[in-house]
Every structure is written in structure tokens, then in C-alpha cells.
Amino acid sequence: MSRKLTFAAVALTALCALNPWRSVRAMRTGHFLVLINSAVVALLTAPAASQERMEVHLVLAFDVSASVNDVEFNLQRQGTAWALRTKSVATAIDEASGGVAVAVVQWSSISRQALGLDWVTLHTLDDALSYADSIEALPRRIPGGGTMIHSGLDFAATMFDTAPGTAIRQVIDIVANGRSDDHDKLLASRDRLLRRGIVINGLAIEEHRDDLTSYFHRFVIGGPSAFVVTAQDFEDFGTAMQMKLYREVAGPVIAERPYRTVVFANAWKGYARQQ
């Protein structure tokens with residue numbers, strides 16, 4: 001509130017400075033209300049844009065290709081929900097300037113992409129926990145298909161056209177357990193999105209032990225402070241997603257203490273084995 005009052009005072013002072021004699025005459029003749037009204041209008045309109053500016057617009061892109069069975073999709077879904085409920089991620093959301101907006105898409109082949117969850121704006125701890133419940137209830141909308149990573153990226157990018165308000169960063173969080181079926185189109189898609197200022201981060205699921213992480217570094221991710229987090233298998237997904245969401249929400253340069261990662265890893269794997 002003090003910032004708003006300061007802004008009103010500055011606006012009023014500026015109006016008076018433009019024509020001081022007229023301002024004094026207005027005060028004497030009762031037209032001072034006009035000046036007040038002008039200051040209030042400026043107060044209500046000018047800060048609006050900054051209030052809408054969120055920390056990040058984040059699109060989570062889940063891999064639902066044929067190589068991901070229903071059990072593994074469930075681990076993606078539950079791992080993300082678990083990550084949102086961790087103290088580090090929920091607190092990062094609670095402390096994010098302007099909040100964060102998140103949407104979920106599912107992808108596989110060129111003609112097989114689907115909206116999982118439309119945009120939701122998160123500001124508080126309760127928002128994070130509520131969204132975790134929505135993620136956990138998310139159904140699989142695509143039964144299978146190829147691994148066309150470029151199609152997943154392109155579809156995810158269309159979500160920014162309907163994102164709420166404005167954000168400091170626009171980030172796609174692409175998840176995959178294999179390499180793209182069309183390498184050239186992947187490179188073209190990545191370069192096109194980077195030119196738009198979109199950051200592409202990756203979560204590589206190394207279940208096939210084919211160094212997918214290095215592939216992501218070379219051909220998938222891009223943009224300022226882009227990074228890859230590795231899950232050794234689907235049972236490691238929750239830990240990887242927790243670290244990834246924390247970095248994406250809290251900002252590009254984050255260093256976590258090692259013991260926290262170990263604690264989260266053990267907690268998630270214990271939870272995953274019970275499912």
C-alpha cells in the first residue's frame with residue numbers, strides 16, 4: 001500500500017509541476033479534485049502491468065509415446081505431484097514474485113498431442129498442494145505413438161499464446177525416455193523456439209542406458225541457463241522433477257545442498273515402490 005501511495009504522490013507532484021500557477025488556482029477554485037482524479041487514474045493503470053508480471057510461464061510436456069507404458073506414465077504423474085508437495089518446491093512457488101503459471105501437455109507422434117491441464121496460476125503453498133492433486137488425477141489422453149520430440153516442443157510452445165498475464169521467463173519442461181524419431185525437425189523446432197526467447201529444459205529418463213542426457217544437452221535444450229536433469233529410470237522420476245521444478249521456479253542459478261537431494265531421493269523412491 002505504501003508503494004501505491006508513493007506513486008500517487010509522485011503523479012500528483014508531476015501534474016502540479018507541469019503548470020504550478022494553474023495548480024494553485026485549481027486548489028482555490030475547487031478544481032483540485034480534477035488533479036486528484038488524474039493521479040488516481042494513473043495509480044490504477046500504470047502499476048497493473050507490473051502486477052501481472054509473473055516469475056515464469058512453465059509448460060510441463062509429458063512423454064506418452066509407445067515406449068511409456070501406463071505404469072510409467074503413472075510414475076510421471078505421481079512423481080510430479082510428489083515434487084510439488086515437497087517443501088522446497090512449494091516454498092519456491094510461495095515466494096515467487098508475481099506467482100507462476102503452469103500448464104501440462106502430453107505428446108508423442110506428429111499428430112498426437114493433447115492438453116493435459118490448462119493454465120493455472122500458483123501463488124501460495126496451498127495453490128501448490130491443490131495443483132499437485134490435479135496432476136495426480138490427470139488421465140493419460142494419448143495411448144501411444146512415436147517419439148517426435150519436435151512435435152512435443154511445438155505443441156507446448158502454442159500454450160504461451162494463451163498464458164495468463166506476462167512473465168519474466170517462458171519455459172518448456174520436456175520429458176522423454178528416448179531420442180527423437182526425426183532429428184532434423186527437432187533441431188529446426190528448437191532453433192525456432194529459441195529465437196522466440198523460449199527456454200527449453202529437459203528431463204532425460206535413462207532407462208535404456210543410451211546416454212540420453214548428453215543427447216538432450218547437444219540437441220534438445222537451449223536458452224539462457226537451460227539445463228537437463230537425469231532420472232536413471234521412472235522410479236527416479238520424482239526426485240529429478242523435484243530438483244527441476246525448484247530450479248525453474250526459484251530462478252536459473254540455484255545451488256542446493258547435497259544432503260537435501262539425498263533425502264528427497266530416498267523419500268520419493270520409498271513412495272514409488274509402495275504404488
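Smallest separation of non-hydrogen atoms from R190 and I221: CD-O, 3.5 Å. The shortest heavy-atom contact between T80 and F237 is OG1-CE2, 3.5 Å. Closest approach of S225 and N201 over heavy atoms only: O-OD1, 4.3 Å. The two residues A157 and I172 come nearest to each other via the heavy atoms N-CD1, 3.9 Å. Smallest separation of non-hydrogen atoms from I174 and I200: CG2-CG2, 4.2 Å. Shortest non-hydrogen contact noted between W107 and A176 is CZ2-CB, 3.9 Å.
I135 and V64 fall within the same hydrophobic cluster, defined by Ile, Leu, Val, Met, Phe, Trp and Tyr side-chain heavy atoms under 4.5 Å apart, directly or through other members. There is a path of hydrophobic side-chain contacts, each under 4.5 Å, that joins L117 to L58. Residues I149 and I142 do not share a hydrophobic cluster, defined by chaining ILVMFWY side chains whose heavy atoms lie under 4.5 Å apart. In the hydrophobic clustering of this structure, L186 groups with V228; members are Ile, Leu, Val, Met, Phe, Trp, Tyr whose side-chain heavy atoms approach within less than 4.5 Å, directly or through other members. Each of V59 and V102 belongs to its own hydrophobic cluster when Ile, Leu, Val, Met, Phe, Trp and Tyr are linked at side-chain heavy-atom distances under 4.5 angstrom.
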#### Entry: Audit row: E206, D236, side-chain contact (heavy atoms from CB on, under 4.5 Å) steps and yes/no
CA-CA 10 Å; E206 293 278 11; D236 197 32; over 6 Å; no

### Task
Using the side-chain contact (heavy atoms from CB on, under 4.5 Å) rule, take L84 and I93 through it: C-alpha gap first, then chi angles, then the decisive distance, then the call.
CA-CA 9 Å; L84 284 163; I93 290 171; 4.0 Å; yes

### Task
Kindly determine whether D233 and L75 satisfy side-chain contact (heavy atoms from CB on, under 4.5 Å), including the steps that lead there.
CA-CA 10 Å; D233 49 40; L75 287 171; over 6 Å; no

### Task
Assess whether side-chain contact (heavy atoms from CB on, under 4.5 Å) is satisfied between D118 and M159, documenting all intermediate values.
CA-CA 9 Å; D118 208 348; M159 295 298 298; 3.7 Å; yes

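Separating the CG atom in L245 from the CZ atom in R247 is a distance of 12.0 Å, to the nearest 0.5 Å. Here the straight-line distance linking atom OH of Y131 with atom CD of E136 works out to 13.5 Å at 0.5 Å rounding. Atom CG of L153 is separated from atom CD1 of I198 by 9.5 Å, given to the nearest 0.5 angstrom. One finds the CG atom of D173 at 5.0 Å from the CG atom of L60 (value rounded to the nearest 0.5 Å). To the nearest 0.5 Å, atom CG of residue D154 and atom CG of residue L193 are 6.0 Å apart.
At least one side-chain heavy atom of S65 sits less than 4.5 Å from a side-chain heavy atom of V68. For the pair R112/P143, a side-chain contact is recorded, criterion being any heavy-atom separation below 4.5 Å from C-beta on. Side chains of V199 and E248 form no contact here, defined as non-hydrogen atoms less than 4.5 Å apart. You'll find the side chain of Q242 stays beyond 4.5 Å of the side chain of V229, heavy atoms only. Counting heavy atoms from C-beta outward, W119 and T121 have side chains that stay 4.5 Å or more apart. Proximity of M54 to V100: side-chain heavy atoms (C-beta onward) are nowhere separated by under 4.5 Å. Contact check for L138 versus F62: side-chain heavy atoms found under the 4.5 Å cut-off. Counting heavy atoms from C-beta outward, Y246 and T86 have side chains that stay 4.5 Å or more apart.
Formation of a donor-acceptor pair under 3.5 Å by the R141 side chain with backbone atoms of G116 is found in this model. With S189 contributing its side chain and K185 its backbone, the two residues share no donor-acceptor pair below 3.5 Å. Proximity of a side-chain donor or acceptor of S180 to a complementary backbone N or O of D182 within less than 3.5 Å is detected. Distance alone, capped at 3.5 Å, places no donor-acceptor pair between the S97 side chain and the E55 backbone. Looking at D127, its side chain does come within 3.5 Å of a backbone N or O of T124 through a donor-acceptor pair. A donor-acceptor distance shorter than 3.5 angstrom exists from the side chain of T158 to the backbone of F155, with no hydrogens or angles considered. R179 places a side-chain N or O within 3.5 Å of a backbone atom of D210 that can act as its donor or acceptor partner.
Listed by first then second residue, pairs satisfying salt bridge (Lys or Arg N to Asp or Glu O under 4.0 Å) with a partner in residues 57-75 read D70-R140, not counting sequence neighbours. The stretch residues 182-220 participates, sequence neighbours left out, in these ring pair (Phe, Tyr, Trp, His ring centres under 6.0 Å) pairs: H183-F219, Y215-F219.
Under the 30°/60° scheme for interplanar angles, the aromatic rings of F160 and H57 are found to lie parallel.
Counted within 6.0 Å of CZ on R209, heavy atoms from surrounding residues, nucleotides or ligands total more than 12; the atom is thus considered enclosed.
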